There are 2 protein chains.
Amino acid sequence: MATYKDIRDETGLSLATISKFYNGGNVLPANARAIEAAAERLSFRPNAFARNLRSRRTRSVGVLLPDLTSDFHLSILAGIERRLRDHRVSMLICADHPHEEGLDEAVEFLAARMVDGIIAVPTERATPGLRNVAAQGMPIVTMDWPADGVVADEVVIDNEEAAAMAIQHLADHGHRRIALLGSDLAATLRSRERGVRRQLAARGIPVREEYISRTPMTVAAGRAAMQRMLLLEERPTAVFCTNNMLGVGALTALAESGLKVPDEMSFVGFDMPLLARMTSPSLAMVAQRVDLIAREAADLMLRRLEPEVAQSPQRKVVLHAEFLFGGSVADIRS
Amino acid sequence: MATYKDIRDETGLSLATISKFYNGGNVLPANARAIEAAAERLSFRPNAFARNLRSRRTRSVGVLLPDLTSDFHLSILAGIERRLRDHRVSMLICADHPHEEGLDEAVEFLAARMVDGIIAVPTERATPGLRNVAAQGMPIVTMDWPADGVVADEVVIDNEEAAAMAIQHLADHGHRRIALLGSDLAATLRSRERGVRRQLAARGIPVREEYISRTPMTVAAGRAAMQRMLLLEERPTAVFCTNNMLGVGALTALAESGLKVPDEMSFVGFDMPLLARMTSPSLAMVAQRVDLIAREAADLMLRRLEPEVAQSPQRKVVLHAEFLFGGSVADIRS
DNA sequence: CTGAAAGCGCTTACAG
DNA sequence: CTGAAAGCGCTTACAG
């Protein structure tokens, strides 16, 4: 691996001049050409670590996700990567899974890599670590939900509003017996439940607690919850799942039960864009704009990396979800 | 950010001793405790870049994917991340999209970050770059398909065999008019087509060229191809899609056409594990074991990072796909 | 515009 | 087991 010294030996220029060339400073055209030619011959590439060491910036950011199996979270990666790379910033990916003893926890792992900042969908496990590095001045951007007590820029959606859209759509089609598959294990899902309750009240639809399920956000839990709903004396006519995993579970249970969607059960999902269009019937759902989330999160981070804004007050970007119409909702107005 | 010097000032020990402590050497217990205590007080974290600079290893590997939108490729990330982090190796993710002029191409971008190696699903665009860094001694592991002329360890599946399984299943259920949605734009898909042809021949089923489609591997192309199949004089009774995107497209077209799966059209997909179980009927498909692919790829790379094996001959791991049974194939034996 | 020198934070032989 | 010194490859003031 060639270094500045090799280029110096080839060109006779000083290290300072070569450095200046690679940092966009003014260098005589002839010297610039000489450096380029030597670099080409030696297939030279400036060592990013050495640069970083002195400049104390790595031009890399960590992206921390609860795990790497949620296609919703994974789909945000694409947008972040693109945006960051346009600015020559690299992206270290880290899942926040529990791990064997003695291994660095995710945030520490990233911090030891000297990332310039962390974009995170924060878990409870990661929060103390984030609080810690944030206090030491590392820029943090949270997505999806905020991290308790962490100084950070935030990108969120209006979850109450998003959930209300689903209820509104169902109510407009005559549904009054609406099951909710949700969870109280995440602030976002609690907000969505609030939105559901508020919109039901606004439409004069009584809230029936047996129609409301709170479980872990897994496919298995969603499947079991749906199965329980199907056993109710007075079966709901529609189900709204406030999370993609729960939605997949509910669809699985419905498929197994042989009930026809939407004739015997209407369905509205949340964040299942890939699925939405390829099932028959197509699925109605509330969808976050992952492209916008990614873009806003990356931009907030890139902004923080500018020395001038490093200290400016935190920002919070609130995005709106969209409603995708689909064939999975029956019109049951008589 | 505290450094060794701060710890030296607190403990009175030399930099060499502190370094030794952090690299697992023998240090008097009292000194070790003093260093730990000081590090705690200062919230010290060794600077990975400085370490790397001297040791010439970064303990990071680049993962290069054609793009970050294929859920099949994304699902491999989880396993790689886990495996690498267990060994305290970090992962830089990079998509190989075409980009604006003047920006580093993906491989150069990773190489400038001094990754110790690259795990890639190689595209044609990336191949020259990979060849280049491989020639300079960087370990490369390819997944899914090999990179032309690149010295690399490989993880692949037996694609002919995988495709043959689908045909065998369909033939066993009495199908003889089998449509193939494939592509000639990737070596893997060409192999799958070969597997299909061979298995058809083995079962004495004539190959009908109008049943064979080769398109780009996109949802739109799959949808259009399926629509064309539905217009044929003698409609096929089954369709096998040798790629997930094509499968999604085909399912979309079938959903739009109103044809019932499997009564009017049987379906076998490829690599759609998320979808397989949540549709009604469930989908039969050939599935690569992403967990195994990830694990093998990560292990091949970790092995290469050991100085002793760095120069050993390249390895090729051939995995077998599995067949997932589903309700999307009708038994039409009379 | 160019260069000599010091320094970034750590590691690496080499003495002791 | 510990320490003084040199060095990794680059950047950063400071002269010239």
Side-chain angles (χ1 to χ4, degrees), chain A residues 1-36 38-39 42-60 88 90 104 111-116 136-138 307, chain B residues 1-36 38-39 42-60 88 90 104 111-116 136-138 307:
Chain A
M1 209 95 301
T3 71
Y4 277 11
K5 286 186 187 166
D6 299 305
I7 297 192
R8 176 191 61 189
D9 295 346
E10 292 245 336
T11 62
L13 292 164
S14 74
L15 300 179
T17 302
I18 299 167
S19 171
K20 209 173 163 204
F21 171 76
Y22 280 107
N23 289 285
N26 281 329
V27 177
L28 287 184
N31 290 337
R33 274 195 301 278
I35 293 172
E36 274 177 337
L42 299 161
S43 58
F44 166 79
R45 206 167 13 238
N47 181 321
F49 288 102
R51 305 181 89 148
N52 298 332
L53 185 56
R54 199 65 168 92
S55 60
R56 293 159 159 291
R57 295 187 56 196
T58 62
R59 295 197 75 72
S60 69
R88 289 190 161 77
S90 60
D104 314 326
R113 259 66 189 174
M114 303 286 137
V115 293
D116 290 338
Q136 290 171 45
M138 183 179 298
Chain B
M1 208 91 309
T3 71
Y4 277 9
K5 286 186 187 167
D6 299 302
I7 296 193
R8 176 190 61 190
D9 295 346
E10 292 244 338
T11 63
L13 292 165
S14 74
L15 300 179
T17 302
I18 299 166
S19 171
K20 210 174 161 204
F21 171 76
Y22 279 107
N23 289 285
N26 282 328
V27 178
L28 287 184
N31 290 337
R33 275 194 301 276
I35 294 173
E36 276 177 338
L42 300 161
S43 56
F44 167 78
R45 209 168 12 239
N47 182 320
F49 288 103
R51 304 180 91 150
N52 299 333
L53 184 55
R54 199 62 169 90
S55 60
R56 294 159 159 290
R57 297 186 52 194
T58 62
R59 294 197 74 71
S60 70
R88 289 189 158 77
S90 60
D104 313 326
R113 259 66 188 175
M114 302 287 135
V115 293
D116 290 338
Q136 289 171 47
M138 183 177 301

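It should be emphasised that the depicted structure is a prediction, and the values quoted were computed from it without experimental measurement. A note on names: the letters A, B, ... follow the listed sequences, proteins ahead of strands, and every chain is numbered from 1.
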Side chain to side chain contact (heavy atoms under 4.5 Å, CB included) partners of A:A50, counting only residues at least two apart
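Result, side chain to side chain contact (heavy atoms under 4.5 Å, CB included) vs A:A50: A:N47, B:L53.
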Under the side chain to side chain contact (heavy atoms under 4.5 Å, CB included) rule, collect the residues that match up with A:Q136, sequence neighbours excluded.
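If we apply the side chain to side chain contact (heavy atoms under 4.5 Å, CB included) test to A:Q136, skipping adjacent residues, the hits are A:N132, B:M1, B:S43, B:R45.
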Parallel, tilted or perpendicular: ring planes of B:Y4 versus B:Y22, cut at 30 and 60 degrees
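Judged by the thresholds at 30° and 60°, the geometry between B:Y4 and B:Y22 is parallel.
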Just to verify, what does B:R59 make a salt bridge (Lys or Arg N to Asp or Glu O under 4.0 Å) with, not counting sequence neighbours?
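Once residues adjacent in sequence are excluded, B:R59 has no partner under the salt bridge (Lys or Arg N to Asp or Glu O under 4.0 Å) criterion.
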For A:R8, give me all partners under salt bridge (Lys or Arg N to Asp or Glu O under 4.0 Å), at least two apart in sequence or on another chain.
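With neighbours one apart ignored, the set is empty.
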Between C:dA5 atom P and A:R8 atom CZ, what is the distance in whole Å?
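It works out to 12 Å between those atoms.
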Tell me the interatomic distance from B:L28, atom CG, to D:dC1, atom C1', rounded to whole angstroms.
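The distance from CG of B:L28 to C1' of D:dC1 comes to 6 Å, rounded to the nearest Å.
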Among residues at least two apart in sequence or on other chains, which ones pass side-chain hydrogen bond (donor to acceptor under 3.5 Å, both in side chains) with A:N23?
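side-chain hydrogen bond (donor to acceptor under 3.5 Å, both in side chains) list for A:N23, sorted by chain: A:S19, A:R51.
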Run the side-chain hydrogen bond (donor to acceptor under 3.5 Å, both in side chains) test against B:S14 and tell me which residues pass, sequence neighbours left out.
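With sequence neighbours excluded, B:S14 shows a side-chain hydrogen bond (donor to acceptor under 3.5 Å, both in side chains) to B:T17, given in chain and number order.
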Hey, does the side chain of A:T17 come within less than 4.0 Å of C:dG3's phosphate (OP1/OP2), counting only N and O?
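Answer yes for this pair, as a side-chain N or O of A:T17 is under 4.0 Å from OP1 or OP2.
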List the protein contact pattern of nucleotides 10-16 of chain C with one symbol per nucleotide (5' to 3'): B for base contact, S for sugar-phosphate-only contact, - for none; contact means a heavy-atom distance under 4.0 Å.
SBB----
For residues 11-27 of chain A, pull every pair meeting salt bridge (Lys or Arg N to Asp or Glu O under 4.0 Å), keeping only residues two or more places apart or in separate chains.
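Residue pairs passing salt bridge (Lys or Arg N to Asp or Glu O under 4.0 Å), neighbours aside: none found.
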What would the secondary structure line of DNA chain C be in dot-bracket form, counting Watson-Crick and G-U wobble pairs under 3.5 Å, with [ ] for pairs that cross earlier ones and | for pairs with another strand?
|||.||||||||.|||
